Amino acid sequence: MITVKDLKKNFEDTEVLKGISYEVGKGEKIVVVGPSGSGKSTFLRCLTLLEMPTSGKIFLEDQEITDPKTDINKIRQQMGMVFQHFNLFNNLTIMDNITLAPVKLGLMKKEEAKENALQLLNRVNLPEKADSYPAQLSGGQKQRIAIVRSLAMNPKVMLFDEPTSALDPEMVGEVLAVMKELAESGMTMIVVTHEMAFAKEVANKVLFVDQGIIMEENTPEEFFDHPKSPRLQDFLSRVL
Amino acid sequence: MRSMTEWWADVVAKFVAAFITKDRWRLYLNGLGLTMEIAFFAGIIGIILGIIIALCRLSRSRNGGKTFLSVIAGIYIDVIRGTPSVLQLLIMWFIIMKNTTNSVLVASLAFGINSGAYVAEIFRAGILAVDPGQTEAGRSVGLSKSQTMLYIVLPQAIKNALPPICNEFITLIKETAIVGYVGLSDLTRVANQITSRTYEAFMPLIGAAVIYFVVIKILTMLLGILERRLRKSDNR
């Protein structure tokens, strides 16, 4: 589904990603963990070119994302992105937040998009918020809406950039529940997170990104119970 | 006691000479009309031009460098801010549009082009004040740069920019007082002309000042209401 080949990213003189290669299969749930500053968020943001890679190639199925001739807007329609700070459109109601892209990009008629949005809102138990504005919602509600906004585009893959890191502890559960349900529905997901319990439960593979490379990758059982590299052992001893 | 009566009679006579004789109040009214007409059209030109210039100025090429349009917009803002508005008006009047007979059009254009530079900087600040996360989210759902700007960033930027824009419009109303330089009879020039006819400066000049003040005070109050209403929608 997504193929990454020798991805490198520099910010001025700092080498943040030093060559990452990885392949994500259809329906796989990949959880990326690592210390702060390891490059895990940059890796995720490179996948939809929110950060322009310095070198390397990224493919979504057979389309090369990093090819300058590729229409990145078309690619992004197929890849949902959920941010740490939700980034709901402050000037629009929840309904308009969800329907704006499908309608303006000509994928759905207004009525059809609204119906679809209501179904999605029901799925996350927030149908009564359709006419509210983002400022009226709690953090957990905002993040569930942000997930729904991405789903409204029927993406092939969903990317999550620390989706629960900005939430109050009592709201983390409701967002993770939505993500679990999404995982069970067969969505391909790449999740950058600090929620180790979520990784254990949902991931097919866990990646440990440190110092700009994938230092270790394994199934959740092996990853958490038998970490190989000393850095991962050290990291796990501090977060678990 | 007698001197008090005399003083009062003098005040009344001066008032009559300044405002009543030969229906002179009509001149002030026409002058105010011209002032507001020029300010209104110049304001509209300024806002439209300002948005366009702000967008040009913020435009960036794929590798993050300034575009040609951005450079042009920067030069325009520099030139307008770096020269006196009276001079800009004179240049527009006597050089660029010397064959145009519609004097209100010429004045509106001169003031509009001047105001546009300041409005552009206000809008630029308003756009930059919108959280970059809003743009990232817009681009992430597949909207193009211009769609993201139009549907998400600009509406929020305009709300940010509204108070300083209103301020700029009030400045504009007062700045039109220099159209007397090219012979248009706005409120200020009317007051000045009547002074030279009655040889008495107090009543016409103070009178004109009061008229400006009242008009702008009313406008400020209306804008205050508008602003409060907009802010209310923030914590709906």
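As a basis for the values below, the full set of heavy atoms in this structure was taken, side chains included, without hydrogen atoms, waters or symmetry mates. From a predicted model like this one, the values you see are computed outputs, not experimental measurements. To find a chain, count down the sequence lines: A is the first, B the second, and so on, and within it residues start at 1.
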Chain B contact via Phe83(A) - which portion, at a heavy-atom distance below 4.5 Å: side chain
Asn91(A) side chain vs Leu154(B) backbone, donor-acceptor pair below 3.5 Å: no
Residues forming a side chain to side chain contact (heavy atoms under 4.5 Å, CB included) with Leu29(B), sequence neighbours excluded: Trp25(B)
Exceeds 12 heavy-atom contacts within 6.0 angstrom, atom OH of Tyr181(B): no
Chain A-proximal positions within residues 130-145 of chain B [heavy-atom distance under 4.5 Å]: Asp131(B), Gly133(B), Gln134(B), Glu136(B), Ala137(B), Gly138(B), Arg139(B), Ser140(B), Val141(B), Gly142(B), Leu143(B), Ser144(B)
Heavy-atom neighbours of Glu115(A) CD exceed 12 at 6.0 Å: no
Arg60(B) atom CZ, neighbour heavy-atom count above 12 within 6.0 Å: yes
Chain B contacts, top residue of Asp71(A), Leu92(A), Leu100(A) (heavy-atom pairs, under 4.5 Å): Leu100(A)
Within 6.0 Å of NZ in Lys26(A), more than 12 heavy atoms from elsewhere: no
Most chain B-contacting option - heavy-atom pairs closer than 4.5 Å, from Arg149(A), Lys74(A), Gln78(A), Met153(A): Arg149(A)
Interatomic spacing from CG in Asn73(A) to OG1 in Thr148(B) - rounded to 0.5 Å: 7.5 Å
Which atoms of Ile75(A) approach chain B - backbone, side chain, both or neither, heavy atom under 4.5 Å: neither
Contacting region of Met52(A) [heavy-atom separation from chain B under 4.5 Å]: side chain
Separation of Lys104(A) NZ from Leu150(B) CG (nearest 0.5 Å): 8.0 Å
Phe68(B), CZ: over 12 other non-hydrogen atoms inside 6.0 angstrom: no
